[in-house]
Amino acid sequence: MSLTLTLADAAQQVQQIPDYMQYALVYAAAFASIGFAAIGSAYGCGSAACAAVGAWKKCYAQNKPAPFQLLIFAGAPLSQTIYGMIIMFIIMGAKLEYAGMWYVYMMVGILSGIAMGVSAVWQGISAAAACDAFADTGKGFTNQLMVLGIVETVAIFVMAFAIVLLNAFGSVAAAL
């Protein structure tokens with residue numbers, strides 16, 4: 001028995017997946033987009049929150065006011081979860097006209113979720129550094145926020161390109 005499948009064999013296998021199972025796979029893809037993005041947001045917010053608490057402790061120990069702006073840094077990675085949710089809703093609205101269409105939704109859901117999650121992780125790491133720097137100096141808030149925006153731009157691009165891809169795929173599928 002050969003371990004390799006021909007393209008025709010693979011297409012035949014996909015044809016045999018019942019409709020309800022294909023929709024289940026689309027819903028799994030939808031959840032993957034928000035799930036992976038939320039994992040990254042949780043990690044990123046956790047990193048930044050730990051740094052904020054440490055920075056506040058340092059301020060209190062030095063009898064300096066604790067800057068409220070550190071909450072903004074700690075919450076910045078949450079937005080990637082919202083982007084994952086937007087992709088989730090678009091994928092959930094998928095209409096499966098042909099067998100195998102679920103695969104495109106699955107790849108978009110997984111890859112966009114992971115990319116947005118990684119963006120959130122790095123935004124949290126950057127926000128942790130911003131918490132430390134701002135608590136020490138009380139300066140540079142706008143610059144530090146702009147850096148976090150640059151990291152977030154990756155997630156925004158992923159979301160935008162995923163929306164374009166899903167819309168184009170839906171249009172092509174409808175034209176077939």
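The shown structure was predicted, so the numbers you read here are calculated from the model rather than taken from an experiment.
- Leu78 and Met85 fall into different hydrophobic clusters, where Ile, Leu, Val, Met, Phe, Trp and Tyr are joined by side-chain heavy atoms under 4.5 Å apart, directly or via other members.
- At a threshold of 4.5 Å between side-chain heavy atoms, the hydrophobic network of Ile, Leu, Val, Met, Phe, Trp and Tyr places Leu148 and Met159 in two separate groups.
- The CG atom of Leu111 sits 11.5 Å away from atom OG of Ser33, with the distance rounded to the nearest 0.5 Å.
- Counting all heavy atoms, side chain and backbone alike, Met92 lies closest to Ala30 at CG-CB, 3.5 Å.
- The cluster map of Ile, Leu, Val, Met, Phe, Trp and Tyr, joined by side-chain heavy atoms under 4.5 Å apart, puts Ile82 and Val158 in the same cluster.
- For the pair Gln80 and Ser119, the tightest heavy-atom approach, listed with the atom from each and the gap, is NE2-OG, 3.2 Å.
- Taking OG of Ser112 as the reference point, atom CD1 of Ile91 lies at 5.5 Å (rounded to 0.5 Å).
- Judged as a side-chain hydrogen bond (donor to acceptor under 3.5 Å, both in side chains), and not counting sequence neighbours, the contacts of Ser41 are Thr81.
- Residues Met106 and Tyr27 are members of one and the same hydrophobic cluster, defined by side-chain heavy-atom contacts under 4.5 angstrom among Ile, Leu, Val, Met, Phe, Trp and Tyr.
- Between Met101 and Phe169 the shortest side-chain heavy-atom distance falls below 4.5 Å.
- Counting all heavy atoms, side chain and backbone alike, Met88 lies closest to Ile34 at SD-CG2, 3.8 Å.
- Checked against side-chain contact (heavy atoms from CB on, under 4.5 Å), Tyr103 has the following partners two or more places apart in sequence or in another chain: Met107.
- The hydrophobic clustering, which links ILVMFWY residues whose side-chain heavy atoms are closer than 4.5 Å, places Val147 and Val118 apart.
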With a cut-off of 3.5 Å and sequence neighbours excluded, list every side-chain donor-acceptor pair involving residues 42-53.
unit_1: Ser47; atom_1: OG; unit_2: Tyr43; atom_2: O; d: 3.1

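- Classified by interplanar angle (parallel below 30°, tilted 30° to 60°, perpendicular above 60°), the ring pair Phe141/Phe73 is tilted.
- Looking only at side-chain heavy atoms (C-beta outward), Ile125 and Val121 come within less than 4.5 Å of each other.
- Residues passing the side-chain contact (heavy atoms from CB on, under 4.5 Å) test with Ile156, sequence neighbours excluded: Tyr83, Glu152.
- Phe161 belongs to a hydrophobic cluster with Phe157, counting contacts under 4.5 Å between side-chain heavy atoms of Ile, Leu, Val, Met, Phe, Trp and Tyr, direct or through other members.
- Interatomic distance, Gln144 CD to Thr137 OG1, rounded to the nearest 0.5 Å: 6.0 Å.
- Within the model, atoms CG of Leu165 and CD1 of Ile87 stand 9.5 Å from one another, a figure rounded to the nearest 0.5 Å.
- Ala94 and Tyr23 make their closest contact through O-CE2, 3.9 Å (heavy atoms, listed as atom of the first residue, atom of the second, distance).
- A distance of 9.0 Å separates OG1 in Thr153 from CD in Gln123, rounded to the nearest 0.5 Å.
- Taking both residues in full, the closest heavy atoms of Ala55 and Cys131 are given as CB-O, 3.8 Å, listed atom of the first, atom of the second, then distance.
- Nearest approach of Val151 to Trp122, heavy atoms of both residues: CG1-C, 4.0 Å.
- Sequence neighbours left out, the pairs with a member in residues 34-60 that pass salt bridge (Lys or Arg N to Asp or Glu O under 4.0 Å) are Lys58-Asp132, Lys58-Asp136.
- The distance from atom CG of Leu166 to atom CD1 of Ile163, rounded to the nearest 0.5 Å, is 8.0 Å.
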